[in-house]
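Here's the structure we're looking at; comments come further down.
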Amino acid sequence: MHLSTSFLLLALLNSVRGATVLASAAKPTQFITLDIVNGPVAPDGFTRIGVLANGTFPGAPIVATKGQTLVVKVNNKLTDNTMRLSTSINFDGVFLDSDNIFNDGTAFVTTCPFGPGESYTYTLPLGNQTGSFWYHSQLGVQYSDGLRGTLIIYDPDDPLAHLYDIDDASTVLTLADWLHNTSTSALTSYLATQINPVPDSGLFNARGRYNGGPEVEYAAVSVSQGKRYRFRLINISVRSNFVVSIDNHTMTVIEADGIATEPHEVNILVIHAGQRYSFVTANQAVGNYWINAFINGGTRNPNLNSTLSRGILRYEGAPDEEPQTPMTAGPTGADAVLLNEWELVPLAPIPAPEPDFNLTFRTFMPEGVTAWQINNVSYIPPSEPTLVKALHGETEQMDFNKTENTFLFPANKTIQVEFIDPINEGHPFHLHGMNFWVIKSNGSDVIDTVNPIRRDVSITGNGTTILRFRTDKPGPWSLKSTLAVDNGKLTDPLVLYHFAVGLGSVIGAGLDKVEKAVHPTKAWEQLCPAYDALPPSEQ
Ligand SMILES: *[C@@H]1O[C@H](CO)[C@@H](O)[C@H](O)[C@H]1NC(C)=O
Ligand SMILES: *[C@@H]1O[C@H](CO)[C@@H](O)[C@H](O)[C@H]1NC(C)=O
Ligand SMILES: *[C@@H]1O[C@H](CO)[C@@H](O)[C@H](O)[C@H]1NC(C)=O
Ligand SMILES: *[C@@H]1O[C@H](CO)[C@@H](O)[C@H](O)[C@H]1NC(C)=O
Ligand SMILES: *[C@@H]1O[C@H](CO)[C@@H](O)[C@H](O)[C@H]1NC(C)=O
Ligand SMILES: *[C@@H]1O[C@H](CO)[C@@H](O)[C@H](O)[C@H]1NC(C)=O
Ligand SMILES: *[C@@H]1O[C@H](CO)[C@@H](O)[C@H](O)[C@H]1NC(C)=O
Ligand SMILES: *[C@@H]1O[C@H](CO)[C@@H](O)[C@H](O)[C@H]1NC(C)=O
Ligand SMILES: *[C@@H]1O[C@H](CO)[C@@H](O)[C@H](O)[C@H]1NC(C)=O
Ligand SMILES: *[C@@H]1O[C@H](CO)[C@@H](O)[C@H](O)[C@H]1NC(C)=O
Ligand SMILES: *[C@@H]1O[C@H](CO)[C@@H](O)[C@H](O)[C@H]1NC(C)=O
Ligand SMILES: *[C@@H]1O[C@H](CO)[C@@H](O)[C@H](O)[C@H]1NC(C)=O
C-alpha cells in the first residue's frame with residue numbers, strides 16, 4: 001500500500017484529534033459556549049441569512065467523552081426580525097434525569113424560550129450515554145433556518161472499537177434538507193397554499209446543489225485504503241428523509257441512536273429525521289465513489305433534484321475529481337440489501353417489559369382540515385409549559401386541555417403505544433428523556449420483546465409500529481413527530497403551521513412526583529416571566 005505524505009499528515013491529525021478526545025475525558029465537566037447569530041450561509045450556492053450556532057451551518061460541532069457533564073452556555077445574539085428572535089435548544093437524544101428535566105429545552109413542555117440579548121446555560125450530565133447525537137432549536141420551525149449541529153459522545157472503552165481504526169471529526173456525516181426561504185416566509189406560503197414547504201436542496205455534509213444553481217463542489221470524505229472507518233451518519237433534516245448508499249461499498253451498521261448494535265451489513269439505508277447510524281466501511285480499490293444521499297423531499301419545488309444530493313468517498317491516491325460513474329439512487333432490486341430496523345440487535349440485551357398500559361395513536365389528517373392529529377386531536381402547546389404546571393401541582397388529567405395531548409401515567413410503569421398510520425405517511429416519532437423498545441417496526445410482522453432495538457426515533461407506517469417505554473423518570477416528556485411545532489401564541493400564524501403539523505403529545509410520567517423530584521434553578525424560573533414580557537415580535 002502506498003502511504004502518501006498527506007496520508008501521514010492525516011494520520012497525525014487523527015491522532016491529535018484522538019488525543020484531544022482522550023484529554024477531555026480527564027475533565028469531568030466541559031464548558032461550551034454557543035453564540036446564536038444571524039449570518040449569511042450558502043451551502044448549496046444560494047446565499048441567505050440563517051439562524052446559526054457560532055455562525056456556521058451546521059453549528060459548531062460538540063465533542064464529548066462518556067461520563068462528562070456538559071455545561072453549555074447559549075447566548076442569543078439574534079437580530080434579524082424576519083425570523084424568530086427567541087430560541088430554545090434541545091440536545092437531541094441526551095437523556096436527562098427528572099431532577100434536570102428543566103434543561104431539556106423543549107419549548108412549552110419543559111421550558112420557555114429566551115429572547116434576544118439573553119443567555120441560558122444548559123447543564124447536561126451525559127451519564128452512561130455514548131454515540132451520535134445532535135442539537136437543534138426546539139422552538140417552532142426555527143431549526144429549518146439552520147440552527148442544528150452534531151454532538152458526539154466518544155466512548156474510550158467502546159466495545160466495538162475492534163471493528164474500526166478511525167473515528168474522528170472527519171467521519172461525522174450530516175444529511176440535511178435546506179430551504180432558501182426563511183422558516184417564517186415558508187409558513188406564510190404554507191398558509192396560502194396548504195402545501196408543506198418542500199426544500200430547495202438536500203445537503204450531504206452541508207453541501208448540495210439545486211436545479212439551475214451553481215455547481216457547488218460536493219463534499220468529499222477522505223479515506224485511506226486499508227483503514228476501517230466508523231462513519232456517524234446523522235439526519236439533521238427537518239422533514240425529508242434520505243436513502244443512503246456508497247457505490248460499490250457495504251455499510252456495517254454498529255449503532256442506532258446511541259445504542260451499540262451487533263454488526264449488521266447492508267448496502268442501502270433510509271434514515272429519518274432525527275435518526276443516527278454508525279457504520280463501518282471503506283475497503284475498496286483506491287478511487288472516487290459516489291455517496292448517494294437521495295432526498296425524498298417532495299415534488300412541488302422545481303429547485304429540488306434528489307439526484308444532486310450526494311457526496312464523494314475519496315481514497316488517498318485518487319484524483320481530486322468527481323467519480324466518472326453515473327449518479328444513481330443506489331442499489332435497486334436484488335442488489336439492494338436494505339437496512340431493516342427490526343434486524344438491528346442491541347449489543348447489550350434488555351428485554352422489553354410487559355406493558356401496564358396500552359395506548360393506540362392513530363395519526364391522521366382528515367379531509368378538509370389542515371391539522372395532523374393523534375386520535376383526532378391536534379396538539380397545541382399550552383402557554384404555560386407542562387413542567388411549570390406540574391410544579392404548581394396541576395397533575396391531574398383535568399388540568400390539561402384536550403389539545404395538550406397530555407397522557408398521564410403513574411411512575412415506574414411500562415407503556416405500550418401502537419401507532420396506526422392509515423395512509424402510510426411515515427411520521428418519525430421521537431421520545432425525549434429515554435429510549436423506547438421498538439417491539440414491532442413498520443414493515444415487519446414480528447413482535448420481538450426479547451431484545452428488540454432500543455432507540456429514540458422510529459417511523460410510523462400503514463403496517464403499524466409498536467413501542468414500549470418506562471415512566472421511571474417523573475416529568476413531562478415530549479413524544480412527537482420530529483417536525484411537531486411548539487408555539488404558545490395562538491394569534492401567531494406559526495400556530496396554524498403547527499396545527500398543520502400538530503403531531504405532538506406529552507407523556508406525563510408520575511407528574512405527582514415532580515414537585516419532589518425537580519428543583520429548577522432561579523435562571524430557569526425566570527425564563528417564562530421574561531418570555532411572556534417580550535413583545536410578540538421578539539418571541
Ligand atoms: C463558539 O464560539 C465561541 C466564541 O467564539 C467560542 O468561545 C466557542 O468555543 C465556540 N463553541 C464551539 C462549540 O466551538
Ligand atoms: C449505567 O449503566 C448501567 C448498566 O448498563 C446502569 O445500571 C446504570 O444505572 C447506568 N448509570 C447511569 C447514570 O445511567
Ligand atoms: C419562497 O418564497 C417565494 C416568495 O415568497 C415564493 O414565491 C416561493 O414559492 C417560495 N419557495 C418555496 C419553496 O416555498
Ligand atoms: C432524514 O429524515 C427525514 C424525515 O424522516 C427522512 O425523510 C430522510 O430520509 C432522512 N434522511 C436520511 C438520510 O435518512
Ligand atoms: C463498482 O461496481 C460496478 C457495478 O457492479 C462495477 O461495474 C464497477 O467496476 C465497480 N467499480 C470498481 C472501482 O470496482
Ligand atoms: C437532476 O439533475 C440531473 C443531473 O444534473 C439531471 O440529469 C436531471 O435532468 C435533473 N432532473 C431534473 C428533474 O431537473
Ligand atoms: C396490552 O396489550 C398486550 C398485547 O399487545 C396484552 O397482552 C396486554 O394484556 C395489554 N395490557 C393491558 C394492561 O391492557
Ligand atoms: C375520529 O374521527 C373519525 C372520523 O374522522 C371517527 O370515525 C372516529 O370515530 C373518531 N375517533 C375518536 C376516538 O373520536
Ligand atoms: C383549550 O384549547 C382550545 C383550542 O385551542 C381553546 O380554545 C381553549 O380556550 C382551551 N381551554 C383552556 C381551558 O385552556
Ligand atoms: C420508582 O422506582 C424508584 C427506583 O426504583 C423508586 O425510588 C421510587 O420510589 C419508585 N416510585 C414509585 C412511585 O413507585
Ligand atoms: C410500512 O410498511 C409497509 C409494509 O408493511 C410498507 O408498505 C410501507 O411503505 C411502510 N411505510 C413506511 C413509511 O415506510
Ligand atoms: C401501505 O402503503 C404502501 C405504499 O403506499 C402500499 O403499497 C401498501 O399496499 C399499503 N399497505 C396497506 C396494508 O395498506
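Counting convention: from 1, in listed order, for ligands and their atoms alike. In this chain, residues are counted from 1 in sequence order. These numbers were taken from a predicted model, which means no experiment stands behind them.
- A salt bridge does not link Glu255 to Arg455: none of the charged side-chain nitrogens sits closer than 4.0 Å to a carboxylate oxygen.
- Selection from Asn75, Val63, Asn54 by nearest heavy atom to atom 1 (C) of ligand 1 gives Asn54.
- In this structure, atom 11 (N) of ligand 10 has protein heavy atoms in its sub-4.0 angstrom surroundings.
- Among protein heavy atoms, atom 7 (O) of ligand 7 sits closest to Glu354 OE1, 4.9 Å.
- For ligand 7, the polar-atom distance check finds an N/O of Gln416 within less than 3.5 Å of one of the ligand's N/O atoms.
- The protein non-hydrogen atom at the shortest distance from atom 13 (C) of ligand 1 is Ala60 CB, 3.6 Å.
- Look at Lys473 and Asp97 and you find a salt bridge, because one of the NZ, NE, NH1 or NH2 atoms lies within 4.0 Å of a carboxylate O, short of that distance.
- Shortest contact from atom 14 (O) of ligand 7 to any protein heavy atom: Asn358 ND2, 3.1 Å.
- Residue-ligand proximity, Asp356 to ligand 7, at heavy-atom distances under 4.0 Å covers atoms 13 (C).
- For the pair Arg276 and Asp92, the salt-bridge criterion is met [side-chain N within less than 4.0 Å of a carboxylate O].
- When hydrogens are left out, the protein atom nearest atom 3 (C) of ligand 10 is Asn412 ND2, 3.6 Å; that is the closest non-hydrogen contact.
- Formation of a donor-acceptor pair under 3.5 Å by the Asn90 side chain with backbone atoms of Asp104 is found in this model.
- A salt bridge between Asp167 and Arg232 is present, with a side-chain N of the basic residue lying under 4.0 Å from a carboxylate O of the acidic one.
- Between Arg230 and Asp165 no salt bridge is recorded (no basic side-chain N to carboxylate O distance below 4.0 Å).
- Evaluated for a side-chain hydrogen bond (donor to acceptor under 3.5 Å, both in side chains) with Thr111, the options Tyr120, Tyr531, Trp524 yield exactly one hit, Trp524.
- Distances from atom 5 (O) of ligand 1 to the protein include no heavy-atom value under 4.0 Å.
- At a heavy-atom cutoff of 4.0 Å, ligand 7 is contacted by no atom of Ile466, backbone or side chain.
- Counting only heavy atoms of the protein, atom 9 (O) of ligand 1 lies nearest to Thr33 O, 4.5 Å.
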